[in-house]
Amino acid sequence: MLSVCAAVASAADLKLKITKKYINFPVSHKVDRRAMTLSVRGQEPCRFVIRLADGEPDYWVFRDVSNLKGKTVTLSYEGSEAALAKVYQDDRIAGEDEIYNEKYRPQYHFTTRRGWINDPNGMVFYKGKYHLFYQHNPAEREWENMHWGHAVSTDLLHWEELPVALHPDTIGTIFSGSAVIDYGNTAGYNAKDEPAMVAFYTADHPKSQRQCMAYSLDEGLTFTKYEGNPIIDSYDKWQSHDTRDPKVFWYAPGGHWVLVLNERNGHSIYNSKNLKDWTFQSHITGFWECPELFEISVDGNANNKKWVMWGASGTYMVGTFDGKKFTPETTKLCNLNGSAYAAQVFNNISPEDGRVIKMAWGRISFDDMPFNGCMLLPQEQILKTVNGGLRLVSRPVKEVGQLFTEAYSGTDLTASQANEIMKRFGGNDVLRIRATFRLTYSTDAGISYRGQRLVNYDMNGNRLNGEFYATEAPGSMELDADIYVDRGMVEVYIDGGLYSYSMKRDVKSTNPEGYVFWGNQLELKNLAVYTVKSIWDNGK
Ligand code: FRU
């Protein structure tokens, strides 16, 4: 499992004097993982595991080596020499023309070009760009070798993937964490006109998980790891391997930094003045992995704010926070289901914008693809009073609207009228459908695509795709579903974002049916269908 840098005896070596942009590696899942060490004189060697194909590769992965031009890279591989001999450098990624055009590749959700992704990390807005780092295995489509991948966007829709930002080292592989812009130069790294982007991550090692820091003066392209790492080592205190995923933000009222860390059975709060020295303050039980804590207006009123804390599953509590301790005022609440995991909100959103914007990992596997996992649509968070209680509403950010062109819109349709219209779109697996279901006679109703139930509302059991959901208005016979179909995946937002879920699309279904509404005498109060423009520059 461990893939930290270390010297190892190798079966074969390949030396490459770097003249091109990428090194291309052939991958076969029929082959076991073997250790590869990449060494460059004067730099710490990097070790990872990879399944180099000695026969026909399933696909190719790559490493951007443009910053190593003129240097000699030695690749030492503990597996097949014949496979290592197929590794080559080029200015193009092997199979580059297919990227973003693959059969199940989502067309308006972020996915990586090659390899595996999970949690969003280091989400921060800086100089007009949203930075999205993420858990990434650049060496294959399954989880392993954790690095931080990096992508940027100016509009939360179109992403440009940049070289991997953080590589494993002797302290560990690079697990989840966050990033801030140190405008006050509290850590002392700032250059003239360039405040440091400071990243916090967990170094995962078989012995323990420890918190580390790295800073960048070039907008996250390259990071320098802090020589005093780790900054937090709490294994002894918790007697647990599970101490990870630091989320850091500036707490203006106290003039200090806050770090929220998942430790064993919940989230701990640490404080610091300089981003390097951290003091434990408090702990709240009941959360697991990937902590988040942020302030948000109640019903849009900037004079009435609360704090929201969540864990990786998305269950959350609303409460107060004094910089040292989060005090819940609600029990755990939940507004989502399905594939969403490990969500984070952007740090350093400009005050003129002021939105709380979340992104979550979609735990969706894209069969037979050279990439895996995706990010769900960026979502604005709104804290709303619903029937006297506070609820977090989550809905795609307004920018997403630019992608859609209305292809049909109507009101008051019977299900059979709606089905007639939907026949036009049956072959379209990149689509948005917004439907308000009116269950006049039926106790259950929904819509399917190729036989898969995208919406399956059982009003009798108050179950939506198997999970409890109650409408805001007691006794309501209506349900609004905003359905985003994107090749290998589907996201559904219910009743304006009061609830949402996401899932893998059944791409292998042999059911010939397109989009079909069902339900006894079901009516569609509203129906709108939109075609979608790809976010990728792939001619579609
Ligand atoms: C959540 C998680 C994190 C960890 C990361 C490792 O999905 O388990 O707790 O840092 O993934 O990839």
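Order of listing sets the numbers, starting from 1, for every ligand and every atom in it. Sequential numbering from 1 along the given sequence is applied to the chain's residues.
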### Message
Please verify the inter-ring angle class for W238 with H283; under 30° counts as parallel, over 60° as perpendicular, anything in between as tilted.
### Response
tilted

List ligand 1 atoms under 4.0 Å from [X], heavy atoms only on the residue side.
X	result
M146	12 (O)
S176	5 (C), 10 (O)
F175	4 (C), 6 (C), 10 (O)
Y341	1 (C), 7 (O)

### ring-ring contact (aromatic ring centres under 6.0 Å, His included) partner of W310, chosen from F294, Y316, W288
F294

### Message
Would W361 count as a polar contact of ligand 1, with the cut-off being nitrogen or oxygen pairs under 3.5 Å?
### Response
no

#### Entry: The one among N137, D245, N262 that brings a heavy atom closest to atom 4 (C) of ligand 1
D245

Of all the non-hydrogen atoms in the protein, which one sits nearest to [atom], and at what distance?
atom	result
atom 7 (O) of ligand 1	D119 OD1, 2.8 Å
atom 8 (O) of ligand 1	E289 OE2, 2.8 Å
atom 6 (C) of ligand 1	Q135 OE1, 3.2 Å

### Task
Count the heavy atoms belonging to other residues, nucleotides or ligands that lie under 6.0 Å from NZ of K129, then report whether that count exceeds 12.
no

### Query
So how far is it from Y108 OH to M489 CE, rounded to the nearest 0.5 Å?
8.0 Å

### Message
Within this structure, what is the CZ-CD distance for the pair R47 and E78, rounded to the nearest 0.5 Å?
### Response
5.5 Å

### D204, portion touching ligand 1 at heavy-atom distance under 4.0 Å
neither

#### Entry: Partner of D367 by salt bridge (Lys or Arg N to Asp or Glu O under 4.0 Å), out of K504, R505, R105, R141
K504

### Task
Flag this pair as yes if the NZ/CZ of K305 is under 6.0 angstrom from the six-membered ring centre of F321 and inside a 45 degree cone about the axis; otherwise no.
no

